[in-house]
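One structure is given here, and the rest of the page talks about it.
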Amino acid sequence: MTATQDSPVLGSLYQHSVAEYWNAERNPVNLRLGEVDGIYHHHYGVGPVDWTVLDGPAETREQRTIAELHRLESAQADLLMSHLGPVKPSDRLMDAGSGRGGSSLVANERFGCRVDGVSISESQVAFANDQAERRGVADKVRFHFKNMLDTGFETGAFQAIWNNESTMYVELGLLFAEHARLLKRGGRYVTITGCYNDAYGLPSRAVSEINAHYICDIHPRSTYFREMAANRLVPVSVVDLTSATIPYWELRAKSTLATGIEQAFLDAYKGGSFQYLLIAADRV
């Protein structure tokens, strides 16, 4: 499987099914939140909730709740960016599994550097490139229809790479091997991800429900560290964000944008079978 001109981006039937899912996805919980400020994220949120958004006039409650959910997901993106290490405007970053482009735009605004996003969803790539054009940063932020397991980018091209809730769609050994190839020596890799708790045993029923809902395969926590070690990625920071993300899910469950998967997330987090982690690692 390669992302070159001679080989297909989608290398398996599973990857085709994932691409079809995200090409067709028009979920209001992603789109309505992005309409708040034009930054379209495809991840969850962290931090304390302002529960007063549920008070006041009923006719504006949905607007207030959407704004609060977007504030929480924006806080998550800012947290990830704060772990990328020193980044200069001359550096180049990669957003692996870039969705509709929100994190890439946040990184460019924060660091002023070049950012390349990659996704196997052609519709998301087109949407994200349109957003970069609209914001006047298309010369610095570009999105590519590429497979993050084999991007075709040059070796050692990137100062930092991140996955924001996208690692559950790939084999971690293949992913981290490609990231290690792409990163400069001393470069930084960061992921924020849900993983199942090895101490719990096999994936719980709630974790299995999440897998089925998103057609993904949530990895055990141990696999992240084992495959990082095997691919010259040495953790420098591990932050358990589980308790910090629960309020987001509690608010989302009360909103008009609830999709039905909220209770599975809450059961998994509160029951201890699922964890929400930030892992930052240096390429050695």
Side-chain angles (χ1 to χ4, degrees), residues 21-81 95 97-107 109-110 117 119 121 123-124 126-135 164-166 168 192-194 206-207 209-216 241-271 274 276:
Y21 174 88
W22 288 110
N23 281 332
E25 184 268 341
R26 300 291 185 274
N27 198 323
V29 79
N30 292 320
L31 294 173
R32 293 289 303 281
L33 271 60
E35 291 169 0
V36 172
D37 60 2
I39 298 292
Y40 290 80
H41 294 297
H42 273 252
H43 56 74
Y44 312 128
V46 295
V49 165
D50 178 5
W51 290 105
T52 65
V53 297
L54 299 180
D55 303 330
E59 60 270 20
T60 58
R61 183 174 299 132
E62 180 177 3
Q63 180 182 350
R64 295 193 302 273
T65 303
I66 287 171
E68 179 66 359
L69 288 169
H70 185 60
R71 184 186 68 80
L72 295 169
E73 65 175 3
S74 297
Q76 191 261 33
D78 287 340
L79 178 65
L80 189 154
M81 298 301 148
D95 183 354
S98 49
R100 288 190 170 94
S103 294
S104 296
L105 294 170
V106 169
E109 183 175 3
R110 180 166 181 153
S119 172
S121 166
S123 68
Q124 287 188 344
F127 184 99
N129 276 323
D130 181 66
Q131 290 302 114
E133 291 279 358
R134 289 171 182 267
R135 299 179 80 87
N164 199 348
E165 297 178 11
S166 55
M168 62 286 298
I192 294 182
T193 187
V207 169
E209 288 180 28
I210 296 167
N211 277 334
H213 185 85
Y214 291 107
I215 30 175
C216 64
L241 298 172
T242 307
S243 61
T245 197
I246 286 175
Y248 163 89
W249 287 100
E250 291 175 332
L251 178 61
R252 180 166 146 175
K254 296 178 182 295
S255 77
T256 60
L257 301 180
T259 63
I261 198 60
E262 289 78 14
Q263 194 57 51
F265 274 89
L266 288 169
D267 289 346
Y269 284 139
K270 293 180 179 181
F274 195 39
Y276 195 52

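Keep in mind it's a predicted model, so treat the numbers as computed, not measured.
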Looking at every non-hydrogen atom in both residues, tell me the closest pair between Leu72 and Pro48 and how far apart they are.
CD2-O, 3.6 Å

Side-chain touch His41/His70, heavy atoms, less than 4.5 angstrom:
yes

Distance from Gln131 atom CD to Leu105 atom CG, nearest 0.5 Å?
7.5 Å

Which residues pass the side-chain hydrogen bond (donor to acceptor under 3.5 Å, both in side chains) test with Arg110, sequence neighbours left out?
none

Val106 side chain near Leu80 side chain, heavy-atom distance below 4.5 Å:
no

Nearest non-hydrogen partners of Ala77 and Ser103, listed with the distance:
CB-OG, 4.5 Å

Closest approach of Val36 and Ala67, non-hydrogen atoms and distance?
CG2-CA, 4.3 Å

Counting C-beta onward and ignoring hydrogens, is there a side-chain heavy-atom pair between Tyr44 and Val29 closer than 4.5 Å?
no

Is there a side chain to side chain contact (heavy atoms under 4.5 Å, CB included) between Gln124 and Tyr40? Walk through the geometry before answering.
CA-CA 10 Å; Gln124 287 188 344; Tyr40 290 80; over 6 Å; no

Exercise: do His43 and Gln76 side chains pair donor with acceptor under 3.5 Å
yes

Closest heavy-atom contact between Gly102 and Ile39?
CA-CG2, 3.7 Å

Non-hydrogen side-chain atoms of Glu165 and Cys216 separated by less than 4.5 Å:
no

Are Leu54 and Leu251 packed together at the side-chain level, in the sense that at least one heavy-atom pair is separated by less than 4.5 angstrom?
yes

Do Arg252 and Thr259 come close enough that some side-chain heavy atom pair is under 4.5 Å?
yes

Of all residues at least two apart in sequence or in a different chain, which pass the side-chain hydrogen bond (donor to acceptor under 3.5 Å, both in side chains) check with Glu68?
Arg71

Would you indicate whether Glu35, at its atom CD, is surrounded by more than 12 heavy atoms from other residues, nucleotides or ligands within a distance under 6.0 Å?
yes

Short question: side chain of Glu209, backbone of Ile261 - any donor-acceptor pair under 3.5 Å?
no

Mark yes or no for whether Thr245, through its side chain, and Gly45, through its backbone, hold a donor-acceptor pair below 3.5 Å.
yes

Are Phe274 and Ile210 close enough that some pair of their side-chain heavy atoms sits under 4.5 Å apart?
yes

List the steps and the verdict of side chain to side chain contact (heavy atoms under 4.5 Å, CB included) for Thr65 and Lys254.
CA-CA 9 Å; Thr65 303; Lys254 296 178 182 295; over 6 Å; no

Among all residues two or more places apart in sequence or in another chain, which pass the ring pair (Phe, Tyr, Trp, His ring centres under 6.0 Å) test with Tyr276?
none

Min side-chain heavy-atom separation Tyr248-Val49 under 4.5 Å:
no

Provide the closest heavy-atom pair for Ser98 versus Ser104 in the form atom of the first, atom of the second, distance.
CB-OG, 4.4 Å

Test side chain to side chain contact (heavy atoms under 4.5 Å, CB included) applied to Leu79 and Leu241, step by step:
CA-CA 11 Å; Leu79 178 65; Leu241 298 172; 3.7 Å; yes

